[in-house]
Amino acid sequence: MVEITLEDIKSFSKEYNDNPTNKIIENAITTNGLENACLDRDIVRENQPVFNIELPDTKRYDQKESWKCWIYAGFNMIQYNMAENLNMDLMNFELSSNYIAFFDKLEKANTTYENIIRLPIENATLKYIKKEQLLKNCVTEAGFYEWFASIIKKYGIVPYSYMPNPKEGEDGEKISLIFREKVKKDVIHILKEKQQGKSEEELRKSDKNICKTKLHIFI
């Protein structure tokens with residue numbers, strides 16, 4: 001299995017940041033969420049909601065519907081010691097769950113592509129993949145402490161202020177669905193290349209190019 005290296009991450013990031021349009025789209029989605037960024041304002045004006053009660057929003061300290069409980073549980077185990085070692089106020093010390101969640105999905109996607117690449121050619125069909133449910137939960141917002149620890153060991157960890165949670169990160173089900181559908185589309189591409197007789201090495205190069213498209217989508 002060919003791993004995603006830190007040099008790959010630097011290359012993906014440079015290619016992404018070299019296109020100024022990506023940053024504009026990223027900022028719009030990060031600030032407003034995917035649905036709001038794609039909203040047609042003309043349709044909104046034509047279909048005004050009618051209501052007479054509006055409750056004020058309040059400050060909350062929960063994971064909402066993000067499904068990141070496994071990450072927050074990991075934080076609970078390490079935050080106290082980190083704050084103490086850094087001589088920081090624990091109440092004002094917050095780590096980025098979004099950072100962990102992003103690299104977790106990148107690794108899960110890469111593992112899925114590798115599993116498809118390694119399939120015997122006679123099993124490299126959508127029928128077989130569907131029967132074995134290889135893509136059912138290929139990229140989902142869920143994990144265990146071992147996964148949490150391995151992400152930190154490989155990619156490190158950053159403060160919340162460096163990589164805060166985007167609007168879209170509040171809905172784990174939606175995020176998982178979007179990533180799964182993207183991976184399924186990529187798998188179809190890999191299968192076509194595999195059936196054309198391309199080698200595993202050639203398929204892995206294609207895999208790396210696919211991973212580039214995922215970098216920064218929800219940062």
Side-chain angles (χ1 to χ4, degrees), residues 1-17 19 22 25-26 29 34 66-68 70-71 97-156 166 168-169 171-219:
M1 176 177 179
V2 178
E3 291 188 352
I4 299 173
T5 66
L6 296 182
E7 288 302 315
D8 288 330
I9 297 299
K10 291 178 182 178
S11 173
F12 299 163
S13 184
K14 183 179 184 305
E15 182 172 332
Y16 176 89
N17 288 314
N19 186 341
N22 288 340
I25 296 172
E26 174 190 325
I29 294 176
L34 182 62
S66 68
W67 296 3
K68 295 178 182 176
W70 64 287
I71 298 176
S97 62
N98 188 35
Y99 183 86
I100 303 297
F102 171 74
F103 284 108
D104 172 67
K105 291 185 183 65
L106 190 67
E107 289 289 343
K108 287 175 178 175
N110 188 59
T111 297
T112 300
Y113 301 146
E114 182 65 23
N115 289 339
I116 301 303
I117 289 171
R118 289 185 175 187
L119 280 177
I121 188 62
E122 62 270 18
N123 293 334
T125 64
L126 289 175
K127 182 177 180 180
Y128 176 85
I129 290 172
K130 184 177 181 179
K131 176 185 175 183
E132 298 298 322
Q133 299 184 339
L134 299 182
L135 303 179
K136 184 177 181 181
N137 293 307
C138 55
V139 181
T140 187
E141 186 63 87
F144 302 95
Y145 177 76
E146 290 81 4
W147 300 359
F148 171 82
S150 66
I151 291 294
I152 292 179
K153 184 177 181 180
K154 183 173 183 178
Y155 297 106
E168 233 31 23
D171 191 335
E173 183 175 3
K174 182 191 296 183
I175 287 291
S176 295
L177 176 61
I178 291 172
F179 267 88
R180 282 199 302 271
E181 292 304 308
K182 179 63 172 69
V183 168
K184 289 176 183 178
K185 181 179 178 180
D186 296 339
V187 165
I188 292 175
H189 177 75
I190 293 174
L191 285 177
K192 289 180 179 179
E193 291 192 331
K194 189 177 181 72
Q195 290 163 358
Q196 290 170 2
K198 291 191 176 182
S199 67
E200 289 191 2
E201 182 179 353
E202 290 174 316
L203 292 173
R204 289 190 178 102
K205 288 181 180 179
S206 178
D207 169 12
K208 290 292 179 67
N209 290 329
I210 288 170
C211 282
K212 290 180 183 179
T213 68
K214 291 178 170 54
L215 203 61
H216 293 283
I217 292 176
F218 295 105
I219 293 180

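FYI, side chains are in, hydrogens and waters are out, and symmetry mates aren't considered; it's all heavy atoms of this structure. For the single chain, residues carry numbers from 1 onward in sequence order.
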Start with the C-alpha gap between L106 and F179, add the side-chain angles, then the distance that decides, and say whether side-chain contact (heavy atoms from CB on, under 4.5 Å) holds. CA-CA 10 Å; L106 190 67; F179 267 88; over 6 Å; no
Could you walk me through whether E7 and K10 satisfy the salt bridge (Lys or Arg N to Asp or Glu O under 4.0 Å) test, starting with their C-alpha distance in whole Å, then the side-chain angles of each, then the deciding distance to 0.1 Å, before giving a yes or no? CA-CA 5 Å; E7 288 302 315; K10 291 178 182 178; 3.6 Å; yes
Passes side-chain hydrogen bond (donor to acceptor under 3.5 Å, both in side chains), T5 versus D8? Steps please. CA-CA 5 Å; T5 66; D8 288 330; 3.1 Å; yes
Given side-chain contact (heavy atoms from CB on, under 4.5 Å), test Y16 with E26 step by step and report yes or no. CA-CA 11 Å; Y16 176 89; E26 174 190 325; 2.8 Å; yes
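Between Y99 and F103, the ring centre distance stays below 6.0 Å.
Atom-to-atom distance recorded for K198:NZ and I117:CD1 is 11.5 Å, nearest 0.5 angstrom. The distance from atom OG1 of T112 to atom NZ of K105, rounded to the nearest 0.5 Å, is 13.0 Å. I9 contributes atom CD1, which lies 7.0 Å from atom CG of L6 (distance to the nearest 0.5 angstrom). Taking CD from E193 and OG from S199, the interatomic distance works out to 10.0 Å, rounded to the nearest 0.5 Å. Here the CG-CD distance, from L191 to Q196, works out to 11.0 Å after rounding to the nearest 0.5 Å.
Proximity of I129 to L119: side-chain heavy atoms (C-beta onward) are separated by under 4.5 Å at one or more points. The side-chain heavy atoms of W67 and I175, taken from C-beta on, include no pair separated by under 4.5 Å. Put simply, the side chain of E107 does not reach to within 4.5 Å of the side chain of E3, judged on heavy atoms. Two residues are said to be in side-chain contact when any heavy atoms from C-beta on lie closer than 4.5 Å; K153 and F148 fail this criterion. Considering only heavy atoms from C-beta on, D186 stays 4.5 Å or farther from I116 through its side chain. Looking at N98 and P166, their side chains come closer than 4.5 Å, going by heavy atoms from C-beta outward. Y145 places none of its side-chain heavy atoms less than 4.5 Å from the side chain of W70. Taking the side chain as every heavy atom from C-beta outward, I178 and L34 approach each other to under 4.5 Å.
Between K194 and I121, the shortest heavy-atom contact is O-CD1, 3.7 Å. Taking each heavy atom of I100 and G156 in turn, the nearest pair found is CD1-O, 4.3 Å. Here the closest non-hydrogen pair linking A142 and D104 is O-OD2, 4.1 Å. Residue R180 comes nearest to V139 through the heavy atom pair CG-O, 3.2 Å, listed as atom of the first residue, atom of the second, then distance. Contact record, S66 with E141: O-CG, 3.0 Å, taken as the closest heavy-atom pair.
When atom types are taken as modelled, the side chain of S150 and the backbone of W147 share a donor-acceptor pair closer than 3.5 angstrom.
Around the CD atom of Q195, the shell of radius 6.0 Å holds more than 12 heavy atoms that belong to other residues, nucleotides or ligands. Counting non-hydrogen atoms of other residues, nucleotides and ligands closer than 6.0 Å to CD of E122 gives a total above 12. Under a cut-off of 6.0 angstrom, the local environment of NZ in K192 is sparse, with at most 12 non-hydrogen atoms contributed by other residues, nucleotides or ligands.
Side-chain N/O atoms of N17 and S13 include a donor and acceptor closer than 3.5 Å.
The pair K185-E181 fails the salt-bridge criterion, with no side-chain N (NZ, NE, NH1 or NH2) lying under 4.0 Å from an Asp/Glu carboxylate O.
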